[in-house]
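Inspection log for the structure reproduced underneath, given as structure tokens.
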Amino acid sequence: MFCRQKTLLLTLALVTILSMCPGDCRGDAPCCCPTFWTAYNGSCYRLFSYSMNWHEAEAHCNQFSRPSLGGGDRNSVAHLVSIHSPDEHDFVVSYFRSTGIKDLGADESIGRVGDMWIGIHDTTSEGNFEWTDRSSFTMNMWYPGQPDNSGSGEDCGEIRNVIGFKWNDRPCDNVNKYFMCKLPVW
């Protein structure tokens, strides 16, 4: 009798989990994000508040992967966020501004105070920007006058609060308090 009750509870739990995923999670259509990640337009996003340089932030993102693919396939691993449309940029900025508890001293009208690493860089070839996930570089939201490679050492991208949440190039070894990772949905 106890085994039958346990089996019934496990079956109910599985049905509940499957019903929580939008769409057809049992088929080939991807639909789900890991716990603490937010789905948007076929990808999963997560904001982190750890003071890290750009390389450390990318390595932190790379620790997360799609369980259905596993095996370290580059397309199954999370990377610093890549942005491919004005709508996606607006989503990323809104998520950055609204997620979590506001920093001490933050103005409620602007949300978070600080800058956030994104996955754009020109570490391979100066002036030729690319995304860490190797997706195509199709649009940009650079602040006027950026990228400027000030001091000949700004190779990594960030979204800056003080310039209207536009993109800026910055030395990769500098530390930002925030970064956002992006992972394909399962």
Side-chain angles (χ1 to χ4, degrees), residues 33 36-62 64 74-75 77-185:
C33 292
F36 305 119
W37 290 69
T38 299
Y40 174 78
N41 202 24
S43 296
C44 303
Y45 299 79
R46 185 166 175 191
L47 179 66
F48 290 91
S49 178
Y50 302 133
S51 294
M52 293 185 173
N53 70 37
W54 187 87
H55 296 287
E56 292 167 336
E58 172 66 8
H60 185 82
C61 291
N62 293 167
F64 299 93
R74 184 162 189 85
N75 295 324
V77 176
H79 294 276
L80 284 169
V81 66
S82 58
I83 301 171
H84 301 285
S85 71
D87 287 342
E88 185 176 23
H89 182 264
D90 291 347
F91 166 78
V92 167
V93 168
S94 293
Y95 186 14
F96 176 47
R97 291 180 65 188
S98 66
T99 302
I101 299 171
K102 306 286 189 284
D103 293 330
L104 293 176
D107 180 337
E108 287 293 322
S109 66
I110 61 169
R112 294 184 174 278
V113 173
D115 303 321
M116 177 179 70
W117 290 123
I118 59 175
I120 195 169
H121 67 96
D122 68 347
T123 58
T124 306
S125 173
E126 182 58 42
N128 294 313
F129 284 90
E130 58 187 341
W131 294 109
T132 56
D133 64 6
R134 296 189 181 152
S135 59
S136 59
F137 184 66
T138 55
M139 58 88 54
N140 72 71
M141 295 297 284
W142 294 111
Y143 185 74
Q146 297 297 328
D148 63 357
N149 197 32
S150 178
S152 298
E154 295 188 329
D155 295 321
C156 294
E158 65 181 353
I159 291 178
R160 294 214 60 201
N161 168 334
V162 297
I163 59 173
F165 297 96
K166 299 293 184 194
W167 301 357
N168 176 58
D169 59 335
R170 186 169 184 195
C172 302
D173 291 334
N174 284 16
V175 172
N176 274 346
K177 186 173 181 178
Y178 302 104
F179 60 94
M180 189 175 292
C181 301
K182 182 178 178 180
L183 177 68
V185 294

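Quick caveat: nothing in here was measured; it's all calculated off a predicted structure.
The distance from atom CG of Asn176 to atom CG of Asn53, rounded to the nearest 0.5 Å, is 9.5 Å. Atoms CG and CZ, from Asp115 and Phe165 in turn, are 9.0 Å apart once rounded to the nearest 0.5 Å. Within the model, atoms OH of Tyr95 and OH of Tyr40 stand 14.0 Å from one another, a figure rounded to the nearest 0.5 Å. One distance of note links CE of Met116 with CG of Asn161; it measures 10.5 Å at 0.5 Å rounding. Of the inter-residue distances, the one linking Asp169 atom CG with Cys156 atom SG reads 9.5 Å to the nearest 0.5 angstrom.
The six-membered or imidazole ring of Phe91 lies away from that of Phe96, with a centre-to-centre distance of 6.0 Å or more. No close placement of the Trp54 and Phe179 rings is indicated, their centers lying 6.0 Å or farther apart.
Residues Lys182 and Cys44 are not in side-chain contact: their nearest non-hydrogen atoms beyond the backbone lie 4.5 Å or more apart. Within the 4.5 Å cutoff, the side chain of Arg160 has no heavy atoms near those of the Tyr143 side chain. Looking at Ile83 and Met139, their side chains come closer than 4.5 Å, going by heavy atoms from C-beta outward.
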CA sep, side-chain torsions, deciding dist, call: Phe129, His121, ring pair (Phe, Tyr, Trp, His ring centres under 6.0 Å)
CA-CA 5 Å; Phe129 284 90; His121 67 96; 8.1 Å; no
Stepwise, does the ring pair (Phe, Tyr, Trp, His ring centres under 6.0 Å) test hold for Phe48 with Phe36?
CA-CA 11 Å; Phe48 290 91; Phe36 305 119; 10.0 Å; no
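Here the closest non-hydrogen pair linking Trp117 and Cys172 is CZ2-O, 4.2 Å. The heavy-atom pair separating Ala78 from Trp37 by the smallest distance is CB-CH2, 4.0 Å. The two residues Ser43 and Cys33 come nearest to each other via the heavy atoms O-SG, 4.1 Å.
The aromatic rings of Trp131 and Trp167 lie perpendicular to each other, with more than 60° between the two planes, well past the 30° mark.
When each of Leu80, Val81, Val77 is checked for a side chain to side chain contact (heavy atoms under 4.5 Å, CB included) with Thr132, only Leu80 meets the rule.
Around atom OH of Tyr50, no more than 12 heavy atoms belonging to other residues, nucleotides or ligands sit under 6.0 Å away.
Here Lys166 does not pair with Glu158 in a salt bridge; the nearest charged N to carboxylate O distance is not below 4.0 Å.
The closest side-chain donor-acceptor pair between Ser135 and Asp133 falls under 3.5 angstrom. Side-chain atoms of Asn149 and Glu126 form a donor-acceptor pair, as typed in the model, at a separation below 3.5 Å.
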